[in-house]
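Data block below; observations after.
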Amino acid sequence: MAKNTRHRLPSCLAVERGHLTIAGQDALALVAEHGSPLFVFSERRVAENAAGFLRAARGGHPRAAVYFASKACSNLHILRIIRGEGLGIEVNSGGELWKALTVGFAPGEIVFNGVAKSVEELSEAITRGIKAINVDSAFELQRIADVARGLGRRATVALRLVPGIGGGATAGIQTGNASSKFGMTAPELQAALAIARANPQALDVAGMHLHIGSQVTEAEDFAASVAFTARMSREIGAALGAGLRHLNLGGGYPVDYAHLDSGDNRGSSDTLRGFAARDAAAPMVGTVAAQAARELGAETEILFEPGRALVADAAVLLSQVENMRLRGDMPWLYLDAGYNLLIDSAAVRWYYHMVNAGRMDEAADRAYRVVGPLCDSADCFFDVEGEYLWKALSPRLATLPPETREELRAAIIRLPETRTLPAATAPGDLIALLDTGAYALGEMFQYCGRLRAKAVMTDRHGGVTVLRERDRPADLIGPAEEMLLRAATGA
Ligand SMILES: Cc1ncc(COP(=O)(O)O)c(C=O)c1O
């Protein structure tokens, strides 16, 4: 490891005899037993992240509560750990609500977000009596009132607002301004308040909610959202004639995906700027919670909804090199994991750091183009679309000053063109993609007849728990196709 200065590994990872270990388990041995590609989670890391975040939030505000954004990872084993650490849960669909209840969260520990909740989902949430339905539009508030009245119940809701703050690493995950599809702007809020005033028997407006984006690396963005909440909660309280009981400040706390070795990651690489978190999530939420206590008062309950900060660095994706080629001087590596297992790598050009799990003692000093196995030229771990666009645009920008060109280039090409790995990396080697615990498991799919990966977890007692099995070939077809098979074979 001494020679390899490029990586700062998450705390559940270590190096033993040149191999990457996850909570003490050898990555190569895990793949020998469970196959590749393989997600490996650390139970201890999930628990530490959850407990640490809650502790930091409570340290800043005595009435802080943490609701895990379960879309980040709704595997029941992971939810069980998070529940065990005293957190609540945020759900986004009837399916996630069902999972939350199944794993034992009490209705009062559940908040329900979403932009298009169905009547059935709302009925279930209202009947169960969850802590709050976070309302996304005036139309939805009227729908909630109608459903609640039909059920003879009063729905507890929080109003999701657009604060006009653009936090988040990429445009696709900035959710705090009016160009995103979430939440209510000022005129929409006025319409919602009129509905709330007209339906007091059916609606209990208990709180307000915002979520400014994901991978928010600047503490000032969170500070601005507290100030916005202070102003708007007063305004809503005055309009309804009663103060709000809880204020939900959302999630978005960042993870250091970049693993740069410089102390201040922000200046280290333009390409990786949005993926480099200078401040860790727990101290950051402590500061936000303390500001909330000062500006919103220590009596009002404060909710946080972190997702990636609790699970991202608790897992790696181990993927075998299946093929390689040389194009000129440039070696290309072909992994057995592509965007079928990490859709964010293509959809929002997300950066996942790579290390060679079996050559951790060798210097990572050779540049490779790294791609996935799918029959799709977009299945690359570099920004194939951005590179293409830059190639088309750059001749027309030739007259611009070099700094401006560089700035534009960094804005257009969002991922490094190559990855540095040991020069001996070859087919059969195992590449570990770090920080793959958030969003990936739920987003896997079977494109190109690829099986969704197995996931295991190193548990607190030194054992290994299977979180999900690898798909079997039979999982590639559903009941309707099975019927076709049976008819064809007469079976
Ligand atoms: C409403 C809401 N809350 C919380 C989260 C969790 O965000 P993060 O994983 O960045 O903490 C999301 C993510 O999309 C969200 O939409």
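Start at 1 and go down the list; that is how both ligands and their atoms are numbered. Along the sequence shown, residues carry numbers from 1.
- When each atom of ligand 1 is checked for a heavy atom of P306 under 4.0 Å away, the hits are 11 (O).
- Heavy atoms of G250 stay at 4.0 angstrom or farther from ligand 1.
- R143 and E121 are not joined by a salt bridge, as no carboxylate oxygen comes within less than 4.0 angstrom of a charged side-chain nitrogen.
- Between D146 and R149 there is a salt bridge, with a side-chain nitrogen of the basic residue lying less than 4.0 Å from a carboxylate oxygen of the acidic one.
- Ion pairing between D383 and R414 fails under the 4.0 Å rule for side-chain N and carboxylate O.
- Heavy-atom proximity to atom 14 (O) of ligand 1, evaluated over H209, K71, Q215, is greatest for K71.
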Item to check | Derivation of the side-chain hydrogen bond (donor to acceptor under 3.5 Å, both in side chains) call for D376 and Y339 | outcome: CA-CA 10 Å; D376 179 350; Y339 72 60; 2.3 Å; yes
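- N113 pairs with exactly one of E90, E96, H211, K71 by the side chain to side chain contact (heavy atoms under 4.5 Å, CB included) rule, that one being E90.
- Residue contacts with ligand 1 for R308 involve both N, CA, C or O and side-chain atoms from C-beta outward (heavy atoms, distance under 4.0 Å).
- Heavy atoms from both the backbone and the side chain of S214 come within less than 4.0 Å of ligand 1.
- Taking every non-hydrogen atom of N113 and a distance limit under 4.0 Å, the qualifying atoms of ligand 1 come out as 1 (C).
- Classification of R160 and E140 as a salt-bridged pair fails, no side-chain N sitting under 4.0 Å from a carboxylate O.
- Heavy-atom contacts of R160 reach the following atoms of ligand 1: 1 (C) (cutoff under 4.0 Å).
- Within the 4.0 Å heavy-atom criterion, the part of Y439 lying near ligand 1 is the side chain and not the backbone.
- Residue A69 holds the heavy atom nearest to atom 6 (C) of ligand 1 of all those in A438, A309, A69.
- For W350 and Y257, the ring centers sit closer than 6.0 Å to each other.
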